[in-house]
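Notes for the one structure printed next.
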Amino acid sequence: MRGVTYSMNVSLDGYIAGPDGGINWTPPDEEVFRSWIDEIREVGVHLLGRRLYETMLYWETADQDPSLDDSRLEWAAIWKRLPKVVFSTTLSAVQGNARLVSGGLAEEIERLRTEPGKGDIAIGGATLAAGAAELGLIDEYRARVYPVLVGGGIPFFPRLERQVDLELVETRTFNSGVVYSRYRVGRQAKPEGES
């Protein structure tokens with residue numbers, strides 16, 4: 001069965017975006033960007049909320065930007081081909097290799113897990129990931145922690161009302177001071193009300 005991964009850049013104090021919603025503290029250097037390329041190659045489908053989908057729309061046409069270097073062009077080519085599922089109640093249409101879903105996160109993940117196909121099911125965006133975490137659907141957390149304190153904003157980790165045990169699978173420190181940590185979900189308690 002395909003695994004579900006949640007992977008984002010995060011500040012040392014735990015935020016994926018600062019108080020003003022900005023992410024200008026996260027532009028990756030070449031080494032970190034290469035690690036993102038390596039990771040996205042292992043993804044079979046990417047689930048996104050509306051905000052992240054709108055942010056990532058740039059990559060649908062980025063290959064037309066003559067100023068992009070080879071690694072950014074490589075990312076754009078991979079991203080453009082990658083099947084995407086966008087969860088939104090406000091969008092009426094999506095572009096590129098994406099389809100729109102207005103609800104049913106658990107059902108969609110279950111369907112994707114059992115479909116034949118290769119690669120992980122990646123979740124992007126804190127709100128969507130929080131919903132998946134609350135339902136106990138995330139198999140791995142992957143964080144690229146930047147050496148910056150932003151003081152508030154959108155948290156990387158959802159607020160859960162239960163303990164989730166994690167097993168460290170991989171760690172890597174980049175020359176820029178960014179630290180990558182990959183954790184597999186261990187024994188996971190079921191949400192209240194489930195037996």
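- The distance from the CD1 atom of Ile123 to the CG atom of Asp139 is 9.0 Å, given to the nearest 0.5 Å.
- Nearest heavy atoms, Ser88 versus Leu100: CB-CD1, 4.0 Å.
- Side-chain contact between Val178 and Pro147: present, with at least one pair of heavy atoms (C-beta onward) separated by less than 4.5 Å.
- Taking CH2 of Trp75 as the reference point, atom NZ of Lys80 lies at 15.0 Å (rounded to 0.5 Å).
- Glu140 is not listed as a side-chain neighbour of Glu170, based on a closest heavy-atom distance of 4.5 Å or more.
- Judged by distance alone, the side chain of Asp13 and the main-chain N or O of Val150 form a donor-acceptor pair under 3.5 Å.
- Counting heavy atoms from C-beta on, the side chains of Tyr180 and Ser35 never come closer than 4.5 Å.
- If you take CG on Asn9 and OH on Tyr146, they are separated by 4.0 Å, rounding to the nearest 0.5 Å.
- Scanning both residues, Val32 and Ser176, for their nearest heavy atoms gives CG2-OG, 3.9 Å.
- In this structure, the side chain of Tyr6 engages the main chain of Phe156 through a donor-acceptor pair within 3.5 Å.
- Distance OG1/Thr5 to NE2/His46: 7.0 Å, rounded to 0.5 Å.
- Val4 and Val43 fall into different hydrophobic clusters, where Ile, Leu, Val, Met, Phe, Trp and Tyr are joined by side-chain heavy atoms under 4.5 Å apart, directly or via other members.
- Under the 4.5 Å side-chain contact rule for hydrophobic residues, Val169 and Met8 do not share a cluster.
- Residues Ile138 and Val185 approach most closely at O-CG2, 3.1 Å, considering heavy atoms.
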Anything under 3.5 Å between a donor and an acceptor, one on a side chain of residues 14-28, the other on a protein residue two or more places apart or in another chain? List them.
from	atom 1	to	atom 2	distance (Å)
Asp20	OD1	Gly22	N	2.8
Trp25	NE1	Gly22	O	3.3
Thr26	OG1	Ile23	O	2.8

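- Among all heavy-atom pairs drawn from Ala98 and Val86, the shortest one is CB-CG2, 4.2 Å.
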Exercise for the section: Let me see the working for Arg111 and Glu107 under salt bridge (charged side-chain N to carboxylate O under 4.0 Å, His left out), right down to the final yes or no. Expected result: CA-CA 6 Å; Arg111 188 184 70 70; Glu107 295 81 5; over 6 Å; no
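- Rounding to the nearest 0.5 Å places OG of Ser181 at 12.5 Å from CZ of Arg172.
- Within the 4.5 Å cutoff, the side chain of Arg162 has heavy atoms near those of the Glu134 side chain.
- Residues passing the side chain to side chain contact (heavy atoms under 4.5 Å, CB included) test with Asp69, sequence neighbours excluded: Glu30, Ser71, Arg72.
- Of all heavy-atom pairs spanning Ala62 and Leu68, the tightest one is O-CD1, 3.2 Å.
- Looking at Leu47 and Ile109, their side chains come closer than 4.5 Å, going by heavy atoms from C-beta outward.
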Can you give the donor-acceptor pairs under 3.5 Å from side chains of residues 48-60 to other protein atoms, not counting sequence neighbours?
from	atom 1	to	atom 2	distance (Å)
Arg50	NH1	Glu54	OE1	2.8
Arg51	NH2	Thr127	OG1	3.3
Tyr53	OH	Gln95	N	2.7
Thr55	OG1	Arg51	O	3.0
Tyr58	OH	Asp65	OD2	3.4
Glu60	OE2	Lys84	NZ	3.4

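- The CD1 atom of Ile40 sits 5.0 Å away from the CH2 atom of Trp79 when rounded to the nearest 0.5 Å.
- The hydrophobic clustering, which links ILVMFWY residues whose side-chain heavy atoms are closer than 4.5 Å, places Leu128 and Leu91 apart.
- One finds a salt bridge joining Glu39 and Arg144 here, because a Lys/Arg side-chain nitrogen approaches an Asp/Glu carboxylate oxygen to under 4.0 Å.
- Connection of Tyr141 to Leu12 is established within a shared hydrophobic cluster, with ILVMFWY side chains joined at heavy-atom distances below 4.5 Å, either directly or through further cluster members.
- Hydrophobic clustering, with ILVMFWY side chains joined whenever heavy atoms are under 4.5 angstrom apart, keeps Val179 apart from Val148.
- Smallest separation of non-hydrogen atoms from Ala126 and Pro155: CB-O, 3.5 Å.
- Evaluated for a salt bridge (charged side-chain N to carboxylate O under 4.0 Å, His left out) with Asp120, the options Arg113, Arg2, Arg142 yield exactly one hit, Arg142.
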